[in-house]
Amino acid sequence: MILYNSNNRNDRVTLKEAVLQGSSNDGGLYLPTKIERFSKEEIENFRTLSFTEIATEVALKMLDGAIEPARVEEMVNESLPFSPTIVELQDGLSILELFNGPTLAFKDYGANFMASLLSHFSKEEERKITVLVATSGDTGSAVAHALHLKEGIRVIVLYPSGRVSTIQEQQLTTLGGNITAVEVSGSFDHCQALVKEAFRDQELRKRVDITSANSINIARLLPQSFYYFYGYSRLNNRERGTIFSVPSGNLGNLTAGVVAMKMGLPIERFIAANNINNTFSHYIRSGRFTPKEAQQTISNAMDVGDPNNFPRLKLLFNESYSSIVSKIWSGSYSDTQVKAAMRELLAKEGYLLDPHGAVGYLAIEEYKKRVGYDNNHNYILLESAHPAKFADIVEEATGVKVDIPQRLQREMERKRDSVKIEGRYSELVEIIEG
Ligand SMILES: *Cc1c(COP(=O)(O)O)cnc(C)c1O
């Protein structure tokens with residue numbers, strides 16, 4: 001598998017280099033030079049396979065010999081012991097629940113598989129790696145859980161003070177061991193800017209081997225294609241057109257869906273659902289990409305003003321705006337609408353969404369109204385987090401008290417430990433070198 005740099009097509013690296021570096025020195029993102037395709041028959045055959053089996057097939061095709069097949073199979077088995085579930089509701093709507101991993105959000109898929117790839121490659125190289133990750137809530141906990149106590153790996157997670165939910169903060173700050181949680185007085189964008197500065201700091205990089213675990217690392221992105229194949233394989237009417245609704249922030253999940261489509265999965269359209277942080281939705285509607293300061297919402301994992309996978313997404317469509325809008329529709333929704341949507345689906349179907357999934361649901365509803373609903377499509381909504389992760393908001397919106405899963409309850413009892421910083425770069429360097 002050979003990858004190229006989004007800033008310079010002639011800059012090529014192996015999978016190992018891409019995973020260990022995170023992004024290129026000039027800030028470019030890595031993309032596969034070639035995307036292998038499945039035949040229609042191969043995809044039809046996924047119907048009878050388990051999630052792990054499908055994930056293995058997709059990984060083998062994707063990695064294209066970069067790691068020996070027996071090892072790839074082992075890595076899928078060890079890193080993804082959980083599976084998505086699909087819940088079929090009425091009017092062609094299915095919910096693909098992606099919250100069955102350890103931190104109850106879809107990011108467990110990317111984080112766990114990346115952890116396997118990282119430890120595989122760092123062992124091969126006998127290198128000690130420091131993983132830097134900025135989080136608006138879910139990424140940090142998924143990455144920290146995935147890499148907790150992994151040999152040769154240290155994790156530094158930066159999160160915005162006061163802007164993550166209680167459960168998220170608990171998940172970030174109670175692991176200890178090789179995990180350091182850094183509480184930054186500032187926004188998520190500020191945390192991300194600090195991490196980017198560290199990657200540009202060539203002096204620092206000479207002294208410490210750092211890599212990124214944000215979705216700029218290709219290892220996070222690739223495994224997110226697995227569940228698109230799985231969701232499709234579980235549909236009863238596969239001859240209908242299939243539309244995926246993706247609650248979107250940094251666009252990692254959406255980009256992974258586009259990769260699945262390029263691998264041959266028959267996806268008719270994507271609906272990219274934004275909260276009021278609608279940089280992408282604005283782009284789809286106007287053709288102009290104008291990053292903005294992120295605003296706080298109740299779907300906080302999507303509070304991103306400058307989505308970092310945008311260059312990748314464009315390149316997957318050969319930078320053609322018309323190709324992009326022929327495949328991707330987008331809408332954006334306020335917190336008030338999100339709460340109403342949670343109540344609506346609960347009343348209509350008895351299904352309880354989390355705030356992120358609710359943004360995706362609103363987008364499907366608007367798409368049907370605007371583009372026309374012909375009763376002849378499959379709509380798959382990616383439910384990106386368990387409602388228990390946002391229990392307070394869910395209860396306030398719907399009156400339903402969410403049962404907290406046991407593993408979360410145990411986590412709620414552990415003691416927090418974090419390092420507080422004002423947000424200066426020098427403070428971060430001190431932690432990295434400490
Ligand atoms: C991260 C996250 C998103 C947004 O996904 P992107 O890949 O950043 O677009 C949506 N929902 C939840 C629950 C998340 O944690």
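The chain is numbered in sequence order, starting from 1. Each ligand, and each atom within it, is numbered from 1 in the order the structure gives.
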message: Test your reading of the model: is there a side-chain donor-acceptor pair from Lys327 to the backbone of Glu268, 3.5 Å cut-off?
response: yes
field: Cation-pi check, Lys61 onto Phe38 ring (under 6.0 Å, within 45° of axis)
entry: yes
query: If you measure every N/O of Gln224 against every N/O of ligand 1, is any gap under 3.5 Å?
result: no
Evaluation steps, ring-ring contact (aromatic ring centres under 6.0 Å, His included), between Phe51 and Tyr109: CA-CA 12 Å; Phe51 173 69; Tyr109 291 89; 5.7 Å; yes
message: For ligand 1, which is the ligand I care about here, please tell me if Asp138 has any N or O atom under 3.5 Å from one of the ligand's N or O atoms.
response: yes
task: Using modelled atom types only, decide if a donor and an acceptor are shared between the side chain of Ser418 and the backbone of Thr173 within a distance under 3.5 Å.
output: no
- request: Determine whether the side chain, the backbone, both or neither of Asn250 has a heavy atom under 4.0 Å from any heavy atom of ligand 1.
  value: both
- prompt: Is any N or O atom of Leu251, backbone or side chain, closer than 3.5 Å to an N or O atom of ligand 1?
  reply: yes
message: Below 4.0 Å from ligand 1: does a non-hydrogen atom of Leu254 turn up there or not?
response: no
task: Could you establish whether Ser215 and ligand 1 come within less than 4.0 Å of each other, counting only heavy atoms on the residue side?
output: no
Gly252 N/O to ligand 1 N/O under 3.5 Å: yes
task: Starting from atom 11 (N) of ligand 1, locate the nearest protein heavy atom and write down its residue, its atom name and how far away it is, to 0.1 Å.
output: Ser384 OG, 2.7 Å
field: Min N/O separation Met302 to ligand 1 under 3.5 Å
entry: no
Within-4.5 Å side-chain heavy-atom neighbours: Pro266 and Thr242: no
message: Looking at non-hydrogen atoms alone, which of Phe99, Phe280, Phe106 comes nearest to atom 5 (O) of ligand 1?
response: Phe106
message: Which of the numbered atoms in ligand 1 are under 4.0 angstrom from any heavy atom belonging to Pro247?
response: 4 (C), 5 (O), 10 (C)
- prompt: Which ligand 1 atoms does Ser248 reach within 4.0 Å, using its non-hydrogen atoms?
  reply: 9 (O)
query: Would you find a donor on one side and an acceptor on the other, under 3.5 Å apart, between the side chain of Asp201 and the backbone of Glu197?
result: no
message: Just to confirm my output: which protein heavy-atom neighbour is closest to atom 2 (C) of ligand 1, and how far is it?
response: Lys107 NZ, 2.4 Å
query: Checking Glu383 side chain against Asp354 main chain: does a donor-acceptor pair fall under 3.5 Å?
result: yes
- request: Would you mind checking if Asp138 and Lys389 are paired as a salt bridge, meaning a charged N to carboxylate O distance below 4.0 Å?
  value: yes
task: May I ask you to check if ligand 1 and Asn253 share an N or O to N or O distance below 3.5 Å?
output: yes
field: Glu74 versus His120, side-chain donor and acceptor atoms under 3.5 Å
entry: no
message: Show the atoms of ligand 1 that are less than 4.0 angstrom away from any heavy atom in Ala385.
response: 13 (C)
- prompt: Does NZ or CZ of Lys314 fall inside the cone over Phe289's six-membered ring, less than 6.0 Å from its centre and within 45° of the axis?
  reply: no
